[in-house]
Amino acid sequence: MGISSGNITPILSILPEILLLILALVVLGLDLGLKKFSPALIGWVTVVGLIFSAIGGVMISGHQSGGLYIWGGMLRQDAAASVFQVIFITGAALTAFFALEDSKCVSAEFYFLLLISTLGMCLLAASSDLIMIYLSLELASIPLYILAGFHYRETSSVEAGLKYMLYGAVASTIMVFGFTFLYGFSGTTQLYAINAAIQTGQIPPMVTTMAVMLILAGVGYKISAVPFHFWAPDVYEGAPTVVAGFISTASKAAGFAVLLRLALTILPVLSPYSPYLLAAMAVASMLVGNLLAINQKNFKRLLAYSSIAQAGYILVGVAASNNLGAAGVTYYLMAYLVTNLTAFALAQVIGQANSNDDISSLAGLTQRSPVLAFSLLVSLLSLGGIPPFAGFVGKLLVFSAGVQAGMAWLVIVAVLNSVLSLYYYLKVLKIAFLDHPRETPLIKIETNSWRIAFIVCLAGILILGVIILPWYGWSITAASSLALY
Amino acid sequence: MTAVQIVFLAVAALTLAAAVMVVSLRRMMQSALALILALVGVAVIFALLGSGFFAVSQVVVYIGAIAILIIFAVMLTQNSMSPEHSQMNPGFLYAALGSALLFSSLVFILSMWVGFYAIPVNLDPSVDTITVLGLSLTDPQGFALPFEIVSVLLLAALIGGIYIARDHHRD
């Protein structure tokens, strides 16, 4: 029997994932022979391989515009999956470059685990089956638990890894519990078949709402939304800064990828209350994140609370559950990826120079390194949603989606919260620009890879904030491919 | 109440009690033994559900292999947990209260659904469930992809485990 196109399609359609797996194994192999000559080689190989798998993913998505079910309905190959895969792979590549600056992270295990986690995220974005969602979520999370505790000599890093794992285990158990209810109600694990089964099943909405709440607990943990956010500050503070950056951007984007798919497919049918549940999570995340961020002394903790609040803004777009909302969420996540990675990269080099992460040690950054101070300005203003930076466009899109969905009250709360968040972003900038430095150890950046990744991030913030149309087009294509049945 | 239901309730109670003992007993060895008891309970529940294959795998894999490994690990790592410390967190009462509340509300909400009172249907004895399972795990239109993903997950967990556990003082 010859190989027909029907046989080869399933393999081709998971080409980026297969390339990622091969790359991960190559990295492990390289460690055996080549590590002695040049430890940084592993990082460069990782980045080059990631670029190839991203190109592979984009090429496939060019062939396929609508949703195509592959592997017996386990995955749904659509534009949304491809766009999110590009987001994850970009995040992983930037993180791989940033990690080369942190000598304790330059090892094959680090890159292997980073790649496997990315592989899990890529599968998660395409998953259209409850079993596949659970498995790929675990595949994305378990390597991150180890990465969070990667600095094994530091108690805080080990504590971060352990905390992240314990919270993660409980959250995913609760989510699986919710999935079992869905399977019990509908008799199928296929996401796009559950709706029909639920509608014929005559199940009281209270009962399905309960299942929705259990599932939201699992996803809410992944995106660090209140009330499932308790792990975030401790993990961000303790974990290696590069890992914290990856967790706060790519891992959060993975959670939103699956949440978007759920929100546009089964959640409205399962529960008439789901937009309100999501809106409640959004309001709680924004308020708790912003209010607790104000008094933080540690820069990484501040970024953690800011990241909780950002999850709240993005949830506004999810709660809107319309096309514009989904596009806004996608755009926001692209913008957030480059913006927050910039902030964490800054935290990384400044923390290494000062050997602490206190906000007060940012004092006089303009005198110590004008370039870094300017970058801090760009990234924090983008987080605060000030034009012409990327964060502004993201906020604009999710907020207008909220208005379109008739949730004006939610948008008002979100806008007020954005103003509130500016207070602590500007407070950090005030310290960096106006205060006099207490201590002036040199901030030195040793690797070109860090510089390259940093320039890419900064350029991303500006490009996503100024040249909007191409990325908006991507987001709209992704959003409309999700809702197609 | 049928005999099967009585057996189920008894086994479920035993499993839960054993699971509580795993986290509340002071000596690690006793916890490990309680864990075996809990795993036996799960195996019995699989058997009650008519899934003989899972019951046997549970016994062979979890009790036969993993529990023994855990016992060896406990015996090789002495004093990793001293019996003097209390196993109870100060907030454990609130946690217990919250869990009880959550459990009762879950049961209450589920009781609104007709499926809650449905009587389990016996499986068709002519279907060989093991063959179906085996075929679906290798069928590309079935569960071949999740099956392969699990192997990647295990590899990642293995390498992560080695990284954490290896003797870092040497390098």
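Lettering follows sequence order; numbering is per chain, from 1.
Taking CG of Leu123(A) as the start and CD1 of Ile149(B) as the end, the distance is 4.5 Å to the nearest 0.5 Å. The structure places CG of Leu119(A) at 10.0 Å from CG of Leu153(B), a figure rounded to the nearest 0.5 Å. Atom CG of Asp129(A) sits about 10.0 Å away from atom CG of Leu145(B), to the nearest 0.5 Å. Atom CZ of Phe143(B) is separated from atom CG of Leu135(A) by 10.5 Å, given to the nearest 0.5 angstrom.
Per-residue counts of heavy-atom pairs under 4.5 Å with chain B were compared for Ile203(A), Ile142(A), Thr209(A); the largest is that of Ile203(A).
Nearest approach of Met112(B) to Pro204(A), heavy atoms of both residues: O-CG, 3.5 Å. The nearest pair of heavy atoms linking Val207(A) to Ile109(B) is CG2-O, 3.3 Å. The two residues Leu28(A) and Ile159(B) come nearest to each other via the heavy atoms CD1-CD1, 3.2 Å. Nearest heavy atoms, Gly160(B) versus Ile146(A): CA-CD1, 3.3 Å.
Around the CZ atom of Phe116(B), the shell of radius 6.0 Å holds more than 12 heavy atoms that belong to other residues, nucleotides or ligands. Within a 6.0 Å radius of OH in Tyr62(B), no more than 12 heavy atoms belonging to other residues, nucleotides or ligands are found.
In this structure the side chain of Trp113(B) never reaches within 4.5 angstrom of the side chain of Met206(A), judged on heavy atoms. Side-chain atoms of Glu109(A) and Ile162(B), non-hydrogen and from C-beta on, never get closer than 4.5 Å to each other. Inter-residue side-chain proximity for Phe112(A) and Leu155(B) is flagged as met; some heavy-atom pair is nearer than 4.5 Å. Looking only at side-chain heavy atoms (C-beta outward), Phe177(A) and Leu106(B) come within less than 4.5 Å of each other.
There is no contact between Leu115(A) and chain B, counting heavy-atom distances below 4.5 Å. Neither the backbone nor the side chain of Tyr145(A) comes within contact range of chain B; no heavy atom of the residue lies under 4.5 Å from a heavy atom of that chain.
Below 30°, between 30° and 60°, or above 60°: for Tyr163(B) and Phe150(A) the angle between ring planes is below 30°, a parallel geometry.
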